[in-house]
Structure formats: C-alpha cells, structure tokens
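Following: one structure in structure tokens, then a few remarks.
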Amino acid sequence: MRKFFLIAAFTALFASPLATPVALAAGDVEHPLEIKWNHGGVFGTFDRAAVQRGLQVYREVCSGCHGLKYIAFRNLLEIGLNEDQAKAIAAEYTMIDGPDNEGEMFERPGKLSDYLPSPFDNEMAARASNNGALPPDLSLMVKARAGAENYLYSLLVGYSDAPDGVTVAEGMNYNPYFPGHQIAMAPPVDDEAVDYIDGTKNSKEQIAKDVVTFLAWAAEPTLEARKRMGVKVVLYLLILTFVLYLVKRKVWADVH
Amino acid sequence: MADSTGGDGHDPSRRDFLYVAAGGLGVVGVAGAVWPMIDQMNPSQDVLALSSIEVDLSGIEEGQSITVSWRGKPVFIRHRTAAEISEAADVSMADLPDPESDAARAEKPEWLILVGVCTHLGCVPLGQQGEYNGWFCPCHGSHYDTSGRIRKGPAPLNLPVPDYVYLDDNNIKIG
Amino acid sequence: MSGHSSFESNNAIVKWIEYRLPIFSFIHSSAVVYPTPKNLNYWWNMGSLAGVMLVLQIVTGIILAMHYTPHADLAFASTEHIMRDVNYGWLLRYMHANGGSMFFIVVYIHILRGMYYGSYKAPREILWWMGIIIFILMMATAFMGYVLPWGQMSFWGATVITSLFSAVPIVGDSIVTFLWGGYSVDQPTLNRFYSLHYLMPFVIFGVVFVHLWALHHHGSNNPLGIDRKGPQDSIPFHPYYTVKDLYGMGVFGTIFAVVLFFAPNYMGHPDNYIPANPLVTPAHIVPEWYFLPFYAILRAIPDKLFGVVAMFGSLLILFVLPWLDTSKVRSARFRPVYKMLFWAFFIDCLVLGYIGGKPPEGIFIVAGRLATALYFLFFLVLPFIGWFERPKKLPDSISTAVLDSGGGGAPDGAAAKAEDRG
C-alpha cells in the first residue's frame, strides 16, 4: 500500500504546481472576499429560494444591459418554479417569430421553449447604449472569471471611492476587485434595489449574494446532478478498489 | 483467474468470494458507465421542449390542405369536403386492413390531422391521389382513403393521427 | 518473448475460428501466459492505464462528435448545448476534457519511469521511439482538441501555436497561411482541426500497436534493469499483472472521479468559457498545463526562430537519449550519479512548468532561461556520466534480488519493496 501513497503523492505533486495558474491581470487586484456558498463543497445544492430571488434581481436589475442567452424559460422549472409560474414569466416577454404565411415576422408572447432575449440586437447596439462598453452575456459568467462566485460577489459589493491620486476616467467607476480597477458598469446593486417577493431583507449584500447564486446556477445547471453522481461513483470506486486490492494480494500471495 | 488457486493452504472459499465480489462489482460499474453513453443518443432537453406546435386553422378553405412541420415530420391538416367526410364515414370496417372509424380519427369531421409519413417505409404520401381519393405513397404504391386509412398496398397501418387539442375554434396544439 | 502458443481448447466454435484466425492463441500468448518480470513495481502500471485512457478518450470523443458542431458561429454554443441539454452531456464532456489531462499525467509518469529505469536502452530503442512518437501525436491531438470549444483560450492558443511556424525562414508565413486556410484563425482552421482531432487518436492507436509489438518482442524492462536469466525470473501476465493493473485502474479511476465530479474546471482556464473574440486577446495566454514546460522553453529564448527550435528540440532530443546515455547499466537504482541527475531533471521540468504558467516578467525570465539551460544540460552531461560513474554491483538475477529484499536487505530503499509481492 505504501507504494500507492507514494504514487498518489507524486501525481498530486505533478499536477498541483502546473495546474491553472490563476492569471489575474496586472496591477494589484484586491483578493476576492471569501463567501460560503450553499452549492459549494461535495454535497452542495443550490439554495432554491436564493436562486429564485436572484432571478428577480436579474430581471429587475441586470437584464437591462446583460443577456442570459443559454437559459430558456423551461430551465426555470429546475429552480423550483412550477409550470404555470414559468409560463407566466415567459409570457411577459415578447418574442419575434416568423415568417408567417405572408412572409412577415410577427410578435408573440414567450413560450417555455424560448430562450431569454438579449437586451440588445447586436454588439454595436449594446456598445452604443453603454458608452462604448459591451455588457457581457451572464450565462457563463461564474465559470468565465478567475475567483468565480467570490469574485462576482466582491465586484458587486466592492465599489468604493477612488483612493487619493487615482483619477477615474470619464464614465468609469472605481472598483478594487476589477482588473485595472476601472469598470464601465455603474454600481448595479444597492440596498433596497429590489423589493423581494418573499420579503427577504433587501440589503446590498443579500441582493449580491442572491444574484450570484442565480448566476452560478445559470452557468452550470447540472452542478447538483454532477455532485450527486460524484458521491455515488467515488464511493463505488473506493469499494471496488478495495476488493481489487484484496484480490491482488491473494493472487500474489504465492509469488516468491 | 480461478486456475491460479495454488492449493497452498489459503482458504479457497474466501478466494472465490473475492473473485465473485470483484466480478459482480465490475459488471455493475460497467453497466453504470455504459448507460450515459447510450442515453446521450436520446432526444436532448431542448429537442423535447420543442415537441409541441400551435397551428391557426382559420386560413384553410374547405378542400384545402396545409403541411406543417412537427418534430421534423410533415403533418397534413386537411379541411375536408362534405363528400370526403361521407366517403370516409361510409366504409365498412370489414374493408379495412387496420380497422378504425373515421369518427375516432377526426375530432371535428371537417378537420383531418395526420402525420404524413407512410407506415410502410417512411416516405411522404401525395395528397388527393390514389384509388381512394385520399393519399398515395409513390415509393411502393400504398393507397390511403379520405380518412388517411390504409386501403391497398404494402403499408400495414393507417396514417397516424398525432395528439392534438383544440385551443379554441380556430387554433390547435399538436403534441 | 511472447509465450509459446500453448493455447488449446475443446470448444468446437473456438477451434473453428482458431484454425482460420489464430486470435485466441494470440491473446493467450500476449496477454495470458506472456512471461513478465516478477519484480515490476507500481510505476509499471502506467502503460495499461495510458491504454485505458486512450480508449476512453476515443469513446467519449466519438460521442461528443455526435453533438458538437465544428463551425465558428456554433462551436461554442454547441459545446454549451452538450453541457446543458444532451443527456449526461456534461458528464461526457468533463470526462473528455479532464481525461486529456489525466492521460498526460499517466504518460508523463510513464516516460519518467522509462528514464529512471533505463527502459530506453538496448534492445528497446525503437520501443522508446514509438513512445516519443505517441507523445508528440498526443500533444498535437490535445492542442487541436482544445481549440474546438472555440473559447478565448482556444482561439488565442491556436493563433499563438500555429504562429510558431512563422519562425521558419522564408516560407514561414506561407506555412501559417496554409495551416489556417486563410489570413487568421477562423472557420477553415476550426473545421480542419476538428477533422484532424478526430483522425489522430486512431493514428496513435496504430503506433501504440507497434509500441506493444516492440515491447512484447523483448519483454518488459524491470526495476533492476537486468535481463531475465530464466523462467524463475518471470511470471505469467495473467492473473498476476491483470489483477495488479486492475487494482491500479481502481486507484487511478478514483482520483480521476474526484477531479471529474468535484473539480472539473480546476485544470481548465476560466477564459475558455468566454466565446472566441478575434479582436481581443486575453491578458495572459496560458496553454493547458501539460504544455507549460515546453512553453517556458519557447519563451526563454529571446530569438523567435531559436525559441521555436529550442522548444521542438527539447522534444526531439528524447529520440537520441538511448545514445546520449553511455552507461551499460539500465536502472538508476545502481547509478548513484545518474539518479541525482534524474531527480534534478525532474525538478527542473516542474520548475519549467511553473514558470510556463507565469507571466514573462522579472524573475521569471531569468529563472526560465536558467531552467531551460539545465534541461538541455541534462542531455549534454549524460554521455560523460556513463564514463566516470561507478555503478553499484548488480544482482545476479531478478530472483536472487527479490529473495534478498524479502530478507530485509533491499538493494534500494525507495522503490520495489516487499509489497511488490503482495
């Protein structure tokens, strides 16, 4: 057995210094705050209530500028909404469909199979409305940033006044967590930015945490299935490996 | 493996138990690993979400048909004439290879809704042709009547009627 | 050194087939009675693990190809389609992506094991060559596979690596245009990379066959590095090494599963979840971890052409290793100087990997050059080591050494101890 720990340690040694060097951009970027997420860890599951509140935050605050194009209304069933609720939300959006029999495009209310519409028709329109900056699509934001949830949370709550000697460019905002410290997005959430349907206290921190939880779900809706399966598979492999070890020992017992 | 039992004083039953346990666990593991590789070929979630469509019937005159695409297949929607309806209703069940009454196939007699795929080998039949004035499949010569029922030729079954509901007088939802 | 075809069967169907296609006796002689040194340690598990990983990559890859679209406008979205909508798509894609990394871990250990125990020496030079060819083909395959999701790192990795060829004098730019099928990495590039990424594993499979052919001709090397003197030094492959390999696969599979299910993006880069954008380069371009040592060598040389030459040279020099090493003794266990040199080389590779992942600034530039120099120095001093080094006394045979170690006096404390025998 000792040999195995050696090999395992060797493997770990091999992988660790080489794996993903977290490439935060130049400049002394503030290290993100450490938040405990309900969906973190081996047994983590999404906090359904937080995800639903986060959906409300996304719709009332973020969706003015940011798309969420990989999420369809049918996906909302996965966060604990029932079919009628999801259909009602879908129907609040207007979709362009067609062409109809006359060859014209027409408008219709959203259906479960529709994807969330983007706020702008194209990149140029988005930039034109945002002082030249492009608000990125948020579907994969949690997976697309080093620091993931903690980084996004820190970014949302971390706006502050620029320290002395730092000039913030026209239309930009100071945020110590953002690479380069100057971000085009104005502080998006503040206390009472959203009136929660479920009556949760709407502090800035709560809002930020909820919307980041929602975005974590949006980035990987299969996270729960993955972890559930992972626990079973690893347990199974541990048992199998132990039995194989016994078999191996038995078979080799008579080799001298 | 079993032939390696050296007869050197080890307890043979423990050894057998280990082999059976290892083999059994292995089979379970392989089966568990293979299932995702098979199931991935089934329709994905986005495909399943698109499995119903809504159709507006108001523009279809009597004696006209339209073809809409549903789950990648043609669906015939025919506004039948009175002659076609009576022709379909008057057939004796004994004449049908796949007996089914016209009333069971068309909720409202004037609207006939069919999946336009020949039950022989999957070609798309042509409308208002063939010996029974219904549909005719050019691939291998199957004749369907004005209710889409097979009457002659190699096809074994009637053209299937998809699940549909009337949302109101002029709109149906298929699937 | 395949076992004799002692295969016999009374089953009529087996006999009928065997008479026409001797497949049963082939399997019997090469995977059942195949005589194997009795003293192989767990580092020898890596070969079969690599084979399993190759098959797993091919199987999951074929499945992913059923759902992936090799088009610049659709590749990223189709990857997300796999992750979100295809049944178990997330599992299969994470298996494939992390499987690549696990494959490289296994192969790196396999290569280092070969270097430590002198497995490249006569009569196994061609076996060693085939291994290097497999390694190079793997790198090409992995590189092209990484391009397919068409994220930012995919796109810019493809741009940087293909641009290496622009260092070739005179025809460099033409080669790059040829590789791209245009004037930048774009749809034609993605489409051909997809085609080649699908093809290459089967080429690897063919070379693996030759690798095994060569292996089975003279049989495995062993931790003592001495030839087998007689049947008492060997045991049949089955059941001894089949169960040992299966046990190793269990351990490895468990490690793989932990990564796959609980840290599937640990070895990836967040930027690859941003769709490719030809107009914006990420702040730091970093290749996948398994390329980092070579990437560090590339950046260590301030000249473009020589940087590329050094990078490819660091791989190709492995081909002449059997002749650079002038010692008659195979195993580092009996070579005190080589052993130290080997570990220095190993640590140097880790350092190069670490530097490859750091921005080329300040101390990392100096360290990178130093580590690159040491990498090549290893190969340069190797011939001289063989001349002046005084190896320890080799055991008379594998059997006597194994018996000795059973009595407590192992020839080497660090490896192959009693538990090798169960």
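Because the structure is a prediction, the values reported are computed rather than measured. Chain letters run A, B, ... following the sequence lines, proteins first, then strands; residues in each count from 1.
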Q. Is chain B contacted by the side chain of A:L112, its backbone, both, or neither, given a heavy-atom distance below 4.5 Å?
A. neither

Side-chain polar contacts of residues 208-215 of chain A - donor-acceptor pairs under 3.5 angstrom, sequence neighbours left out - could you list them?
unit_1 : atom_1 : unit_2 : atom_2 : d
A:D210 : OD1    : A:R53  : NH2    : 3.3
A:D210 : OD1    : A:Q206 : NE2    : 3.1
A:D210 : OD2    : A:R53  : NE     : 2.7
A:D210 : OD2    : A:Y196 : OH     : 2.7
A:D210 : OD2    : A:Q206 : NE2    : 3.3
A:T213 : OG1    : A:K209 : O      : 2.7

Q | Any side-chain donor near an acceptor of the partner, A:E60 and A:Q56, under 3.5 Å | A | yes

Q: Hey, could you give me each pair passing side-chain hydrogen bond (donor to acceptor under 3.5 Å, both in side chains) that has a residue in residues 59-77 of chain B? Not counting sequence neighbours.
A: B:S65-B:R78

For residues 87-96 of chain B, run the donor-acceptor check on the side chains, cut-off 3.5 Å, and write out each pair with its distance to 0.1 Å, sequence neighbours left out.
unit_1 : atom_1 : unit_2 : atom_2 : d
B:S92  : OG     : B:A94  : N      : 3.1

Q) Donor-acceptor pair, A:T222 side chain versus A:A225 backbone, under 3.5 Å? A) no

**Q.** Pair B:S44, B:D46: side-chain N/O donor-acceptor within cut-off below 3.5 Å
**A.** yes

**Q.** Segment of B:D56 engaging chain A (4.5 angstrom heavy-atom cut-off)
**A.** neither

Q) Under 2.5 Å between the SG atoms of B:C123 and B:C139? A) yes

(Q) Sort by residue number and list every residue of residues 166-175 of chain B having at least one heavy atom under 4.5 Å from chain A. (A) none

